[in-house]
Number of protein chains: 2
Amino acid sequence: MLIGELSDKTGLSKDTIRYYEKEGLVQSGARKENQYRNFSEKAIHTIHFIKNLKELGFTLPEIKDFIHLFHNEETSCQMVQKRLEDHIVNINSKMSLLESIRTKVANAIHLCKENPIAKSCQTLEKLWD
Amino acid sequence: MLIGELSDKTGLSKDTIRYYEKEGLVQSGARKENQYRNFSEKAIHTIHFIKNLKELGFTLPEIKDFIHLFHNEETSCQMVQKRLEDHIVNINSKMSLLESIRTKVANAIHLCKENPIAKSCQTLEKLWD
DNA sequence: CTTGACCTTAAAGTATACTCCAATGTATAT
DNA sequence: ATATACATTGGAGTATACTTTAAGGTCAAG
């Protein structure tokens, strides 16, 4: 199928598909005589796979790695698990960072509420010194 | 003081200070005759203020807004509180997104652990279809 | 044979917050 | 006079995942 059809079937823009191909995430096989890309049904699955992994917060290089894993006979479930566990570690550290920020911002809001009439904002003063 | 001294006193690189000045976050006042920037003690506080707000996850344009608030007579604590509340809403939505991703990834890991011997990884298969 | 709907490429633009570079000017000590 | 340690500028580079642009080739229908 041509790129437009693949685009319609996956909801991914044609430009994005070309970009993914350039990055080695999707393959179009041999070009037609007219130089048009020629995708197989498999490309639909590949793009589906990419979308699912994007939703899990993986980057394109990481997703490329997953695609290699998927096509490699040697791949064990443990290898996949390892990637997922590394990923969850990253997610956890991002969450703790956000959590600590949230606490600080919540405290600042609390300070504002305590002195609602104050002409000068205690929160700003505190950030300044 | 010259930019190098300000850099030493704040721990911010000279390039970053110049960048902040260009963005209107810090002011150096009138140049010396030799065209060197001439910072006052206040610049130290301003940079301190910027750093504190960066730690709370604010962007430079947002921080610039806070600086304006700080220097404006009209600023009420409520105006500050409003910014903080908007910010916490953003933080919360980022956290829920991460939380939902974490759940999905944890489920995938669980699936890997359930079938540790499987030659083909159920998790990968599931992402593919 | 022209119109319109396809397709192609390379290259630049977007957003954010710097960081680095090159070329050059200035101040101070020896 | 020179070495060294400062300072200046404009502009490019970094990372990520696209999106947009410009200029042009291909194909089927009327």
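Computation of the quantities below employed the complete heavy-atom set of this structure, encompassing side-chain atoms and omitting hydrogens, waters and symmetry-equivalent molecules. Just so it is clear, the structure is predicted and the values come from calculations on it, not from any experiment. To find a chain, count down the sequence lines: A is the first, B the second, and so on, and within it residues start at 1.
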Would you say B:Ser96 and B:Glu99 are linked by a side-chain donor-acceptor pair, where the criterion is simply a distance under 3.5 Å? no
Around atom NZ of A:Lys104, are there more than 12 heavy atoms of other residues, nucleotides or ligands at under 6.0 Å? yes
More than 12 heavy atoms of other groups within 6.0 Å of A:Gln27 CD: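 No.
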Reckon [X] has a side-chain N or O less than 4.0 Å from the OP1 or OP2 of [N]?
X       : N      : answer
B:Asn34 : C:dA27 : yes
A:Lys54 : D:dT16 : no
B:Arg37 : D:dT8  : yes
B:Arg31 : C:dG25 : no
A:Thr16 : D:dT19 : yes

In whole Å, what is the span from the [atom1] atom of [X] to the [atom2] atom of [N]?
X       : N      : atom1 : atom2 : answer
A:Ile47 : D:dC18 : CD1   : P     : 11 Å
B:Lys14 : C:dC20 : NZ    : P     : 13 Å
A:Leu60 : D:dT19 : CG    : P     : 11 Å
A:Tyr36 : C:dT9  : OH    : C1'   : 13 Å
A:Leu25 : D:dT16 : CG    : P     : 13 Å
B:Leu53 : C:dA17 : CG    : P     : 13 Å
A:Ile17 : D:dA17 : CD1   : P     : 17 Å
B:Tyr19 : C:dT19 : OH    : P     : 10 Å

Please classify the nucleic acid contact of [X] as base, sugar-phosphate, or nothing, using heavy-atom distances under 4.0 Å.
X       : answer
A:Lys22 : nothing
A:Asp15 : base
B:Arg18 : base

If you assign each of A:Glu33 and A:Ser13 to its closest nucleotide in DNA chain D, which residue comes earlier from the 5' end? A:Ser13
Centroid-centroid distance, B:Phe58 to B:Phe66, less than 6.0 Å: yes
Result for side-chain contact (heavy atoms from CB on, under 4.5 Å) between B:Phe39 and one of B:Thr46, B:Val26, B:Leu2, B:Thr10 points to B:Val26
Ignoring the backbone of B:Tyr20, work out which of D:dC18, D:dT8, C:dC18 is nearest its side chain.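 Nearest to the side-chain atoms of B:Tyr20, counting from C-beta on, is C:dC18.
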